[in-house]
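Data first, discussion second: the structure below is written as structure tokens.
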Amino acid sequence: MAEFQQRGEDLENNLAECKRRIEEAQGRVRELEEGSKEGDEEEEEDRKAELIKARAEVKKLRKDKQLFEKMMEEYRREEKRLPWNVDTLSKDGFSKSVLNIKPVAKEETEEEKEDKHKTFVEKYEKQIKHFGMMRRWDDSQKCLSDNPHLVCEETANYLVGMCIDLEVEEKHALMEQVAHQTIVMQFILELARTLQVDPRGCFRQFFSKIKTADKPYQDAFNQELDSLKERVCSCAQVRIQSVMKELEEEERQKRLGPGGLDPVEVYNSLPKEMQQCFDEKNIQMLQEALSRLDPMEGKYHMMRCIDSGLWVPYLGGDEDEEDEPDD
């Protein structure tokens with residue numbers, strides 16, 4: 001009877017998890033559909049590919065949901081056929097994992113969430129990192145048993161940021177380990193939401209379940225883990241590109257001439273003949289090149305050279321010098 005009831009709980013949890021993942025996947029589809037209307041042409045092909053992938057994921061999850069619902073129907077029919085006995089007439093209502101019902105909390109503002117997260121991390125950062133580096137189920141469970149305050153959204157959020165930091169530093173193996181612990185925490189929190197209990201009261205139930213998990217539950221865990229690692233790699237790439245752009249902009253700002261123009265950009269915009277003059281630092285060649293241009297065009301280019309610092313007219317006469325562009 002205990003095994004039968006456990007099978008029913010597993011089916012209910014798997015069905016709830018499948019529904020949650022469908023909502024997430026549908027949200028992703030909506031984001032991509034809106035982005036495809038607003039994005040530029042260069043990103044359009046990537047968005048289309050992601051959209052196709054997201055729609056396929058929704059389709060697959062809906063099939064899984066139908067399968068779980070069918071299995072639940074079969075389970076309920078089988079349950080009705082069970083003979084009445086002490087197990088079917090009285091069910092345990094005093095499980096330690098589900099005793100404390102989580103009270104309904106008021107919605108926090110973004111500022112309150114940030115302050116709460118900052119305070120929590122300052123106090124428990126070392127313990128969170130320790131949990132993030134664990135590998136064995138038993139070690140993770142003991143860590144949370146000794147530190148039940150870690151079972152919360154703040155820990156999960158910090159671990160996600162930790163994953164991104166490790167990926168940026170190209171510590172891929174460590175990132176994957178912390179990502180695993182992140183999904184552990186997220187599954188515990190999701191189980192608590194499903195049961196409507198305090199997460200600190202149900203994490204043991206998660207570890208008992210995952211240690212003997214059937215294939216659908218284990219597959220759901222692994223799929224979430226793979227999905228998180230993909231998102232982490234994507235976020236890390238975005239962060240790296242952002243840092244590179246900032247560095248490039250800093251270098252560009254340092255290069256700007258007296259008129260606020262970038263000498264590299266100005267040099268690249270010059271006619272080939274003028275570029276050669278600056279390459280060879282030949283004033284006579286530059287004067288000859290300018291004489292062959294339309295006067296207005298020549299004046300336009302020379303003013304840009306002055307504003308970028310490529311040409312310094314105030315040195316005067318034959319002592320004029322031109323700085324080489326920083327290619």
Side-chain angles (χ1 to χ4, degrees), residues 11-70 72 102 104-114 116-117 151-164 167 175-176 178-197 199 206 216-239 241-242:
L11 285 173
E12 288 179 355
N13 291 336
N14 288 334
L15 181 58
E17 175 64 18
C18 189
K19 289 178 179 178
R20 183 188 69 80
R21 295 189 63 217
I22 288 175
E23 290 180 2
E24 287 185 354
Q26 288 174 333
R28 178 62 177 158
V29 168
R30 287 193 294 271
E31 289 177 4
L32 289 169
E33 288 175 343
E34 292 173 1
S36 64
K37 298 174 184 176
E38 301 172 359
D40 54 39
E41 293 181 0
E42 294 180 359
E43 299 177 349
E44 187 63 23
E45 290 301 321
D46 291 340
R47 284 201 182 94
K48 286 182 178 178
E50 285 292 322
L51 183 57
I52 292 173
K53 183 178 178 181
R55 285 172 174 167
E57 179 70 10
V58 171
K59 186 176 181 181
K60 178 181 178 301
L61 288 170
R62 283 174 176 167
K63 288 183 179 179
D64 292 343
K65 176 173 171 286
Q66 291 176 352
L67 177 61
F68 285 132
E69 288 174 341
K70 185 176 181 181
M72 276 303 303
K102 186 177 180 181
V104 178
K106 73 170 187 175
E107 188 70 21
E108 294 178 321
T109 65
E110 289 301 319
E111 185 176 352
E112 288 174 338
K113 289 179 181 178
E114 289 179 8
K116 182 180 178 182
H117 178 79
V151 188
C152 61
E153 291 284 355
E154 286 71 31
T155 296
N157 293 337
Y158 182 87
L159 290 175
V160 171
M162 188 176 171
C163 288
I164 297 173
E167 183 63 20
M175 181 278 286
E176 292 184 348
V178 177
H180 178 275
Q181 295 299 90
T182 305
I183 296 301
V184 168
M185 186 58 63
Q186 289 181 351
F187 262 59
I188 293 171
L189 296 174
E190 182 60 32
L191 178 61
R193 282 191 287 270
T194 301
L195 299 176
Q196 295 184 335
V197 299
F206 163 77
Y217 193 79
Q218 189 66 54
D219 287 346
F221 185 93
N222 292 333
Q223 287 172 5
E224 286 297 319
L225 177 57
D226 291 340
S227 178
L228 174 62
K229 288 190 285 189
E230 288 179 9
R231 295 196 299 272
V232 165
C233 291
S234 178
C235 290
Q237 191 61 35
V238 170
R239 184 187 293 182
Q241 291 173 356
S242 176

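Note that the structure is predicted; figures quoted are calculated from it, not measured.
- Within the 3.5 Å criterion, the main-chain N or O of Val238 finds no donor-acceptor partner in the side chain of Ser242.
- Rounding to the nearest 0.5 angstrom, the gap separating the CG atom in Leu191 from the OG1 atom in Thr194 is 6.0 Å.
- If you run side chain to side chain contact (heavy atoms under 4.5 Å, CB included) between Phe206 and each of Leu189, Val151, Val184, Asn13, only Val184 comes through.
- The minimum heavy-atom distance between Asn14 and Pro216, with the atom names listed, is ND2-CB, 4.1 Å.
- Between Arg239 and Glu167 the shortest side-chain heavy-atom distance does not fall below 4.5 Å.
- Under the side-chain hydrogen bond (donor to acceptor under 3.5 Å, both in side chains) criterion, Arg21 pairs with Glu57, Gln223, Glu224, not counting sequence neighbours.
- Rounding to the nearest 0.5 Å places CG of Asp64 at 9.5 Å from CD of Gln66.
- Remark: Asp219 engages Lys215 in a side-chain hydrogen bond (donor to acceptor under 3.5 Å, both in side chains) (not counting sequence neighbours).
- In terms of heavy atoms, Cys163 sits closest to Ala179 at SG-N, 3.4 Å.
- Looking at Thr182 and Met162, their side chains never come closer than 4.5 Å, going by heavy atoms from C-beta outward.
- Expressed to the nearest 0.5 Å, how far CG of Leu67 lies from CG of Leu61 amounts to 12.0 Å.
- A donor-acceptor contact shorter than 3.5 Å is absent between the side chain of Ser234 and the backbone of Glu230.
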Glu17 and Arg20: salt bridge (charged side-chain N to carboxylate O under 4.0 Å, His left out), yes or no, with the steps? CA-CA 5 Å; Glu17 175 64 18; Arg20 183 188 69 80; 2.5 Å; yes
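- Judged as a side-chain hydrogen bond (donor to acceptor under 3.5 Å, both in side chains), and not counting sequence neighbours, the contacts of Lys65 are Glu69.
- Taking the side chain as every heavy atom from C-beta outward, Gln237 and Gln241 approach each other to under 4.5 Å.
- From Asn222, atom CG reaches atom OG of Ser227 across 12.5 Å, with rounding to the nearest 0.5 Å.
- Not counting sequence neighbours, the partners of Phe221 by the ring-ring contact (aromatic ring centres under 6.0 Å, His included) test are Trp137, His180, Phe187.
- Taking the side-chain hydrogen bond (donor to acceptor under 3.5 Å, both in side chains) definition, one finds that Lys59 meets it with nothing, sequence neighbours left out.
- In this structure, Glu154 and Asn157 have side chains that are not in contact, with every pair of non-hydrogen atoms separated by 4.5 Å or more.
- Between Glu31 and Arg28 there is a salt bridge, with a side-chain nitrogen of the basic residue lying less than 4.0 Å from a carboxylate oxygen of the acidic one.
- Using a 4.0 Å cut-off between charged side-chain N and carboxylate O, Arg231 and Glu24 make no salt bridge.
- Checked against side-chain contact (heavy atoms from CB on, under 4.5 Å), Glu12 has the following partners two or more places apart in sequence or in another chain: Met72.
- Here the OG1 atom belonging to Thr155 is positioned 11.5 Å from the CD atom belonging to Gln181, to the nearest 0.5 angstrom.
- In this structure, Cys18 SG and Lys63 NZ are separated by 13.0 Å, a value rounded to the nearest 0.5 Å.
- The two atoms that bring Val58 and Val29 nearest to each other are CG2-CG2, 3.9 Å, heavy atoms only.
- Annotation: side chain of Pro199 is not in contact with side chain of Met185 (no heavy-atom distance under 4.5 Å).
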